[in-house]
There are 2 protein chains.
Amino acid sequence: MADVKSANNPLFLREEELRQAIELLFFAYRDFTAGPDEILKEYKFGRAHHRVIHFVGRNEGMTVSELLDILRITKQSLNRVLSTLIDRGFIEQQTGLEDRRQRCLYLTEEGRKLEQKVSRVQRELVAKAFREAGGDAVAGYRKVLAGLIDDASRDRILGRIQNS
Amino acid sequence: MADVKSANNPLFLREEELRQAIELLFFAYRDFTAGPDEILKEYKFGRAHHRVIHFVGRNEGMTVSELLDILRITKQSLNRVLSTLIDRGFIEQQTGLEDRRQRCLYLTEEGRKLEQKVSRVQRELVAKAFREAGGDAVAGYRKVLAGLIDDASRDRILGRIQNS
DNA sequence: AATATATGTCAACATGGCTGACGTAAAATC
DNA sequence: GATTTTACGTCAGCCATGTTGACATATATT
């Protein structure tokens with residue numbers, strides 16, 4: 001009765017299934033970012049600052065260009081948040097050793113503390129979801145999300161993310 | 001050699017694994033929204049309009065309050081995008097039958113066309129990722145993402161999303 | 001020496017959040 | 001029937017974060 005449509009029209013089920021997967025991602029992302037957002041608000045920082053701290057923390061010494069590539073924003077946009085992070089002592093720059101035009105980015109002690117604090121709530125949320133879902137589900141999660149990533153950047157990203 | 005850290009300190013691996021899962025979600029979401037963003041730009045619409053069209057499309061006749069609950073934004077923010085969508089003929093309102101204070105929201109013919117067009121690219125992306133990952137992986141994807149959703153809203157959301 | 005690259009910076013603008021205040025119609029309650 | 005609550009709309013202003021375009025400076029590369 002209830003599945004007349006799906007019984008008669010497998011394409012309908014397929015479309016419905018995909019729409020549900022899309023919504024799931026929307027809601028998951030919404031709640032996944034809620035924790036950090038709240039903490040960062042105390043510092044008057046936003047999601048943009050979070051992203052910078054996150055990626056610099058995971059790629060100490062990365063250059064500004066590399067960061068721009070990852071974030072896919074303009075250097076003017078980045079500069080606004082980056083310079084406040086530097087001014088307020090969460091990030092340091094060091095002139096590149098090989099190429100002195102480059103500014104290599106590092107978290108300060110303060111920056112590392114904030115990164116830890118913010119990342120902790122997010123890691124705890126993901127850990128809970130992983131625990132509840134089980135190891136096989138986690139592998140599936142990885143596979144599907146990897147498939148959503150732009151072909152052009154997938155390898156580079158998975159390269160950094162390759163674990164086991 | 002390479003796994004000295006993980007061999008000696010399982011917590012390190014755990015933390016690293018979680019950080020990678022977090023990054024994966026970041027990148028997947030970034031690329032997942034890129035397609036729609038591009039199409040909507042032609043209409044001078046943004047992600048906010050997309051969300052409204054998406055949810056109204058999936059819940060024809062929903063009220064403004066219900067939409068606000070889902071989006072978790074203020075009515076003033078919603079009103080900005082909602083009223084342009086109405087003015088430009090993508091969404092219609094109808095006074096609630098039982099409760100005449102409510103405005104029930106519907107896609108117009110035009111709105112449905114746009115919804116289809118935008119959702120198509122997203123569905124194709126997800127379909128590709130699902131195909132490549134396989135059925136088990138898809139189940140895992142669902143489980144993990146469901147676990148990321150806020151406890152308070154999970155049931156309501158999964159209720160609407162319960163498929164199969 | 002000329003050109004290209006990495007970065008910074010100024011200015012102006014758009015989008016989409018927010019708060020606060022106020023208004024109106026309809027429903028619910030006393 | 002009067003009062004209060006609810007659903008929604010709206011005005012005004014602020015903030016965060018994205019954009020484009022133009023220009024500057026130091027360093028590498030050719």
Side-chain angles (χ1 to χ4, degrees), chain A residues 26 29-30 33-34 36-56 61-88 91-106, chain B residues 26 29-30 33-34 36-56 61-88 91-106:
Chain A
F26 167 77
Y29 197 80
R30 182 191 70 175
T33 51
D37 283 357
E38 210 173 326
I39 293 176
L40 289 156
K41 219 162 75 177
E42 298 165 22
Y43 294 76
K44 307 252 184 180
F45 286 148
R47 214 171 278 183
H49 302 88
H50 180 197
R51 292 193 281 255
V52 170
I53 286 181
H54 170 88
F55 285 109
V56 172
M62 78 191 304
T63 68
V64 171
S65 310
E66 284 163 358
L67 187 51
L68 284 173
D69 265 5
I70 288 180
L71 297 177
R72 297 228 181 128
I73 59 176
T74 59
K75 64 177 172 174
Q76 295 93 323
S77 294
L78 173 58
N79 210 262
R80 190 154 37 199
V81 295
L82 184 53
S83 56
T84 68
L85 285 169
I86 292 169
D87 288 351
R88 291 182 46 193
I91 284 188
E92 292 185 318
Q93 289 183 316
Q94 280 178 30
T95 298
L97 292 183
E98 290 182 25
D99 185 334
R100 292 167 45 80
R101 290 171 302 181
Q102 296 178 334
R103 296 300 121 101
C104 300
L105 304 171
Y106 299 87
Chain B
F26 167 78
Y29 197 79
R30 182 191 71 174
T33 51
D37 284 356
E38 209 172 327
I39 293 176
L40 289 156
K41 220 162 75 178
E42 297 165 21
Y43 294 75
K44 306 253 184 180
F45 287 149
R47 213 171 278 185
H49 303 88
H50 180 197
R51 292 194 281 256
V52 170
I53 287 181
H54 171 89
F55 285 109
V56 172
M62 77 190 307
T63 67
V64 171
S65 311
E66 285 164 356
L67 187 51
L68 284 173
D69 266 5
I70 287 180
L71 298 178
R72 298 231 181 124
I73 58 176
T74 60
K75 64 176 173 175
Q76 294 93 323
S77 295
L78 173 59
N79 210 264
R80 191 155 35 197
V81 295
L82 184 53
S83 56
T84 68
L85 285 169
I86 292 169
D87 289 351
R88 291 182 46 193
I91 285 189
E92 294 185 318
Q93 289 183 315
Q94 282 178 30
T95 298
L97 293 181
E98 292 182 25
D99 186 335
R100 293 168 44 78
R101 291 172 301 183
Q102 297 177 335
R103 297 300 123 100
C104 301
L105 304 173
Y106 299 87

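Hydrogens, waters and symmetry mates play no part in the numbers below; they use all other heavy atoms, side chains included.
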Send over the distance from A:Leu68 CG to D:dG18 P, rounded to a whole Å.
11 Å
5'-most contact on DNA chain D (nearest-nucleotide basis), B:Gln102 vs A:Arg72, goes to B:Gln102
Any base atoms under 4.0 Å from B:Glu66, or only sugar-phosphate, or nothing? Heavy atoms, all strands.
nothing
When B:Asn79 and A:Arg51 are each assigned the nearest nucleotide of DNA chain D, the 5'-most assignment goes to B:Asn79
d(CD1, B:Ile73; P, C:dT19) in whole Å:
12 Å
Polar pair under 3.5 Å, donor/acceptor by atom type, side chain B:Arg103, base D:dG9
no
Answer yes or no: does a side-chain N or O of A:Ser77 lie under 4.0 Å from OP1 or OP2 of D:dT19?
yes
Is any side-chain heavy atom of A:Asn79 less than 4.5 Å from a side-chain heavy atom of A:Val64?
no
Side-chain N,O (B:Thr74) to OP1/OP2 (C:dC18) below 4.0 Å:
yes
Between P of C:dG16 and CD1 of B:Ile53, the distance in whole Å
12 Å
Would you compute the distance between atom CZ of A:Arg103 and atom OG1 of A:Thr63 and round it to the nearest 0.5 angstrom?
11.0 Å
Rounding to an integer number of Å, can you tell me how far A:Leu67 CG sits from C:dG8 P?
11 Å
A:Leu71 atom CG is separated from D:dG18 atom P, nearest whole Å, by 8 Å
Would you state whether a donor and an acceptor, one from the side chain of A:Arg101 and one from the base of C:dT5, lie under 3.5 Å apart?
yes
OP1 or OP2 of C:dG16 under 4.0 Å from side-chain N/O of B:Gln76
no
Take atom NZ of A:Lys41 and atom C1' of C:dG17, then tell me their distance rounded to the nearest Å.
11 Å
Counting heavy atoms not belonging to A:Gln76, are there more than 12 under 6.0 Å from its CD?
yes
Measuring only between side-chain heavy atoms, which start at C-beta, is A:Arg88 closer than 4.5 Å to A:Phe45?
yes
Please report, rounded to the nearest Å, how far the P atom of D:dC11 is from the NZ atom of B:Lys75.
13 Å
Are OP1 or OP2 of D:dT17 and a side-chain N or O of A:His49 less than 4.0 angstrom apart?
yes
How is A:Thr63 classified with respect to the nucleic acid when contacts are heavy atoms under 4.0 Å: base, sugar-phosphate, or nothing?
sugar-phosphate
Exactly one candidate in A:Leu105, A:Leu85, A:Ile70 meets side-chain contact (heavy atoms from CB on, under 4.5 Å) with A:Val52; the answer is A:Leu85
Does A:Arg100 place a side-chain N or O at less than 4.0 Å from the phosphate oxygens OP1/OP2 of D:dT27?
yes
Nearest whole Å is fine: how far is D:dG9 C1' from B:Ile86 CD1?
11 Å
Under 4.0 Å between any heavy atoms, over every strand shown, what does A:Arg80 touch: base, sugar-phosphate, or nothing? Just pick one.
base
